[in-house]
Amino acid sequence: MKRIWKKAAALLMMLAMVLAMGTTAGAVELETSSGVVTNSADVEIKDVPNDVANLLYTTYQVISATYNSTSNSFAWQLTEWAKDALVDTVNLTPAEGKYSSETAALQAIFGLTGSNGTGIAGESGGTTTTEQNDIVNTLAAYIASHSNNEYSSANWTTTGTISSATLPVGAYLVIPSATNYSFLNMLVSVDVADTTGSGGSTAKDGWVVSANGAVLKGNKLIIEKTVSDSGIDGTYGSTADAQIGTKVYYQVKVYVPKFAKNDSEKVFTVADTATNLKIDLGSVEIYAYDTNNQKSTDPLIAFDSTAGNATDAQYVASVTDTTGTSPTSTLTVIFSNSTYKYYDKTFYSSASDSYPYEYVIITYEAELLDEAVVTTRNANGAALTYDYDNHESVTTAASVTNVYTYELDLTKYGEGTATKLANASFELTDGTGNKLCFIKDNSASTPDCPVYRVADSSETNTSTVITTGTEGVKIIGLDESVAYTIGETVAPSGYTLNTNTLTFTITDYTASGSDDSPNGIIDVITLAEKQGASTTLNWSTSNSSQDWPTGRTWNVSLDTPSATGIFGLSLTDTKISALPATGSIGIIVFTIAGVAIMILALVLINSGKSKQKKA
């Protein structure tokens, strides 16, 4: 036992990458409670990243020390849970962190420092990196399947790049976790030694207490999602604009997490959820990139273009859709498989102890559905979940992008009046001359103001015609930077058809000093009438005093840029002068004139007959 005690002076370094940092106090008298040494010291964990989020250290006591005041000596022992985790007298598998006795397990732990070459039997200079990981991960694996072992008195505080806690004499398993980092588990300790350094002290107070801390090791969990509305090879950013029924394009960049060598299950999963969009699984492509940003020759996942399923069983990729008022489409990609060791196969080289790939990029297409909302963002985000067998699951905050769409409110007026006219029909064409198809939204429409949404590809029974109510009509789902042309196809009864079409283009607002990304707020409307096509109006905060030219049958209204995604148009129709309205004074005049002509004709006829008789 004395031999074991001598090894304890350099107790427990974290794996291969934990650095011991001793803070030594003066000689103290050993304090005990029920024989267990209760002297304590401040243990430090250094190199805490300055951008770590929600850092938590879950702590478990592995070894404690008891003191014999008669002999002025102490002994080490495993806590009960650690003994259950490390000692197996029947199924001896040291390579998996199991030992034939408590003494052997203690020797293995003390051997992490290589003290005097007295680690595991047959080893020289301490255990290897893998064996160090075996010890730590065996303890962590036991914790993962058992509860109520946590050492609740460990209160860690973090200041700058150092976390610290006051811990009693003993050894402790520390499992760090954060929402944006993955960290390796570690062992820290508080040791005791005699003042002479030889173990021969006879004074009851001839002891020193020292803390062996660690360096926090791990890697940042990074996932970056971007979107483009200009094609798969277009410009990507945090936002995009789209017409309902058209596609936007996504890239998700995921940095490869680094696991401990002997973790039997290495899993990292991307869950990418889009709201009011539908992901096309058949469009998904996944490639890996090395530290020089060189793309892998072959994709990590291949797809059957007909069935839309993954044909490479090495990884799992799937899309799950929900329905309702805000439907979602979720792409899930699982990059690891514990049974077939695909993480080791692709992302880790055991031969060179290296990671051939730095990150992967997922690309895919998604269609904007007719449930898309105009007055707010259609948000969609991707999160990374990091799992392995001896650690708590960690999920990052989602990397979010937004897709915006726009609304046109159209009103029809009678000539020379403020009277709004119902039953005027219109058609819209896009910049290529294609007529837009619409679905009437009965849930949003009112009898006075129907609502039409641009149809998505899944909808049937669509129409190219929209018809006004007494308060106009709402057209939802238009894109930015598209030259739409609108024209009247049917005029209300009593009015002539207005053949003067209008071409308009929406420009998204970008605030001064922003990152030049769109934000779903209309800033500029460029308009050109068919008659007088050279006249256009740029309606923005910089020239909002500019008036739409007089004498036009179309007119435009646009709120300040705080009005999100909506602008107004109005069109005036001319009355049919040849057919006055039924019941008006015009009918009476014509009736009187006709009767008068008939009377005059009769008078003339009778007069002619009289003259003939006289003759």
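Model, not experiment: these values are computed from the prediction. Residue numbers run from 1 in the order of the sequence given.
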I'd like to know if the side chain of [X] reaches the main chain of [Y], judged simply by a donor and an acceptor atom lying under 3.5 Å from each other, with no hydrogens or angles considered.
X	Y	answer
Asp479	Ala242	yes
Asn292	Gln294	no
Thr503	Ala483	no
Thr322	Thr328	yes
Thr462	Ala455	no
Thr275	Ala379	yes
Thr405	Val374	no
Thr385	Thr395	no
Asn378	Ala372	no
Asp229	Asp241	yes

Taking atom types as modelled, find out whether [X] and [Y] have a side-chain donor-acceptor pair closer than 3.5 angstrom.
X	Y	result
Lys247	Tyr249	no
Tyr484	Gln243	yes
Ser182	Asn219	yes
Asn149	Tyr142	no

Item to check | CG/Asp51: more than 12 non-hydrogen atoms of other groups inside 6.0 Å | outcome: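 Enclosed: over 12 neighbouring heavy atoms sit under 6.0 Å from CG of Asp51.
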Checklist entry - Are more than 12 heavy atoms from other residues, nucleotides or ligands located less than 6.0 Å from atom NZ of Lys435? => result no
Item to check | Residues forming a salt bridge (Lys or Arg N to Asp or Glu O under 4.0 Å) with Asp321, sequence neighbours excluded | outcome: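 Once residues adjacent in sequence are excluded, the partners of Asp321 under the salt bridge (Lys or Arg N to Asp or Glu O under 4.0 Å) criterion are Lys278.
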Item to check | salt bridge (Lys or Arg N to Asp or Glu O under 4.0 Å) involving Asp430 - partner list, sequence neighbours excluded | outcome: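 In terms of salt bridge (Lys or Arg N to Asp or Glu O under 4.0 Å), with neighbours along the sequence ignored, Asp430 is linked to no residue.
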Item to check | Listed partners of Tyr357 passing ring-ring contact (aromatic ring centres under 6.0 Å, His included), at least two apart | outcome: none
Flag the pair [X] / [Y] as yes when at least one side-chain heavy-atom distance between them is below 4.5 Å, and no otherwise.
X	Y	answer
Lys253	Thr226	no
Phe183	Leu55	yes
Tyr236	Ser228	yes
Pro299	Ile286	no
Asn180	Lys220	yes

Checklist entry - What orientation do Phe347 and Phe335 show, parallel under 30°, tilted 30 to 60°, or perpendicular over 60°? => result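 Answer is perpendicular, since the angle exceeds 60°.
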Item to check | side-chain contact (heavy atoms from CB on, under 4.5 Å), paired with Ile486, selected from Leu428, Thr429, Thr501, Leu436 | outcome: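 Looking at Leu428, Thr429, Thr501, Leu436, the match for Ile486 under the side-chain contact (heavy atoms from CB on, under 4.5 Å) is Leu428.
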